[in-house]
Each structure stands twice: as structure tokens, then as C-alpha cells.
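Counting convention: from 1, in listed order, for ligands and their atoms alike.
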Amino acid sequence: MITRFAPSPTGPLHLGHAYSAMVAHDMATASGGTFLLRIEDIDQTRARPQWEAQIYDDLAWLGLHWPEPVMKQSDRISVYQDAVRMMWNQRLIYPCSCNRKDVLAAASAPQEGAPIIGPDGVVYPGTCKKQGQRRGPVPTTAALRLDMSKADVTSDLAQTAGDIVISRCEMGTSYHLSVVIDDAAQGVTDVVRGEDLENATPIHILLQNMLGLPTPRYHHHRLIRDENGKRLAKRDDARALSKYRSEGVTPNDIRRLVGLPEV
Ligand code: GLU
């Protein structure tokens, strides 16, 4: 069994991240398998080296082990670009120059009914789909969206997620594309992640099918919430692992706090 923890270095790890990493780690080690770490830093406007360093430090403090070198998504843009080119050549994706405001405005038009909120926010109503050119070199100055009508979907993904972004022009990839390519490249057999990502999983399975990649087993764990029942976010510095550490809390205290057996 190969599991992984794939944080983005855009803020401090909090109790929820610790729980996710420990569940994935415990699952791999219980089966004699391997736990991997992957740094998801495609958003270079938000990723910071100090957060990456803190991730290694916090996870090692928790007692987790992983093989080196650690895969970093920012090193793999050319691999993602190869997949984008393949999808472009198959005319599965089209350029879209709408920004968030355009998408919201188009989705709110009277003939569209109420905007549907999908895994990536408002479901794209397909404004650029008709005029979007699909020949020639891969466009580099627009986002590229998946034409769901070309995808072999038996579920209601076309309605619930719509034409998701496969490549943002400033990144040359997207979360969905990178994650499926990397899970396959690393031989991940079991993806262990929070139930907040449950609605991304059908998208990932669809992309695996389109790209000829294997589908791992998916496990979605409960989320760690604060005393008001709100799920923890990166900005919840009060729950940052480093804060607990500075207060003298032990790794087993963290395990107890999130309801995992001590080691
Ligand atoms: N990088 C994602 C995050 O920080 C997690 C990716 C995944 O588990 O699929 O939320």
C-alpha cells in the first residue's frame, strides 16, 4: 500500500492537517506499506519556502517518516504540460478567457436559472465553449477548460462540476490535473484525504480514465472542527501545530486531541 499526504505550502499546518497526515501514515505503516509526502506548490503566488520548511519540521516532529526526495509539483510543470498538449490535440479542452466575475455574471443570467456551485465554485456556463478555437498550438494566454460533453461521463458530473479548468494560464496546470498525474506517477494505491475533497474525487476518476491512468482507492476521513463545529482553515493560527509545539504539547497529545490511538 502506498499512501500520501499532499499539503500546499501556503500557511501553517493545523490539527486537521496533522490528522490527515497521521491517518495516511498509520494506514500505510499498518500494512507494511509506504507513506509519501508531496508538496503541492503550483500556486506560486501563495506558496512560500518557509511554509514548506515548516511542513517538514512539523511532520517529523509528529514522528512521521517518508522517503526522500520529496516530490514537488513546481518541478513538474513540463509533465503537466505534456498532458495538456495531449488533451488539446484530442480537442478535449478549449480556451477560456473569463475571469471569476465573468463566470459569476454569466451563470447568474436569467436564462441560466440559479448558479450551481461545484467543487471549484460556480459551475461554468460554457460562455467560451462555442467560440473557443481548438486548433493550432496550445493557447498560452487563456485558461483551458475540459469540454465535459466530450468526456465519457455516466454520472451527473457535467451538471454538478461543468467544464472544469484543466490548466490556468499563469500555472500551466490545475489542482485536478496535477494531483491525478502525480498520484499515478508515485504509484499511490490509497488516497487518504478529508471529506471536503469528496466531490473532487469523481473529477479525478474521470481524468484518470481520460489520461489512461490507474484509479487508486479513495478514503475520505472526517474533518477536524473547532468548538463551534467550523472546520479548521489555514488562517486558524490558533490551531497551528507550531503553536501547540511551542506550548509544550507532545505528539501523543496531538493524537489524543484528534481521536487517534497513541503510538
Ligand atoms: N493539496 C491539497 C490541499 O492542500 C490536497 C490534495 C489532495 O489530497 O488531493 O488541500
| task | Can you sort out the partners of Gln159 under side chain to side chain contact (heavy atoms under 4.5 Å, CB included), two or more places apart, ordered by chain and number? | result |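 With neighbours one apart ignored, the set is Asp156.
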| query | Can you tell which part of His204 has a heavy atom less than 4.0 Å from ligand 1: side chain, backbone, both or neither? | reply | neither
| message | Below 4.0 Å, non-hydrogen atoms only: which portion of Leu197 touches ligand 1? Side chain, backbone, both or neither. | response | side chain
Give the atoms of ligand 1, by number and element, whose distance to some non-hydrogen atom of [X] is under 4.0 Å.
X      : result
Val179 : 9 (O)
Glu40  : 1 (N), 2 (C), 5 (C), 6 (C)
Tyr175 : 6 (C), 7 (C), 9 (O)
Arg4   : 7 (C), 8 (O), 9 (O)
Arg193 : 7 (C), 8 (O), 9 (O)

| Does the N or O separation between Ala6 and ligand 1 drop below 3.5 Å for any pair? | yes
| request: Give a yes or no on whether a salt bridge exists between Arg193 and Glu198, defined as a side-chain N under 4.0 angstrom from a carboxylate O. | output: no
| query | Is any side-chain N of the basic residue among Asp57 and Arg245 closer than 4.0 Å to the acidic one's carboxylate O? | reply | yes
| task | Answer yes or no for Arg222 and Tyr19: cation-pi contact, defined as NZ/CZ to six-membered ring centre under 6.0 Å and angle to ring axis within 45°. | result |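 Yes; both conditions hold, so Arg222 lies above the ring face of Tyr19.
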| query | Can you list every pair that meets side chain to side chain donor-acceptor pair (under 3.5 Å) and has a residue in residues 139-149, with sequence neighbours left out? | reply |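 Every pair satisfying side chain to side chain donor-acceptor pair (under 3.5 Å) with a residue in residues 139-149: Lys129-Asp147, Lys129-Ser149, Arg134-Asp147, Asp147-Ser149.
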| What is the ring orientation for Trp66 with Phe35, classed by angle as parallel under 30°, tilted 30 to 60°, or perpendicular over 60°? |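 Correct class here is perpendicular.
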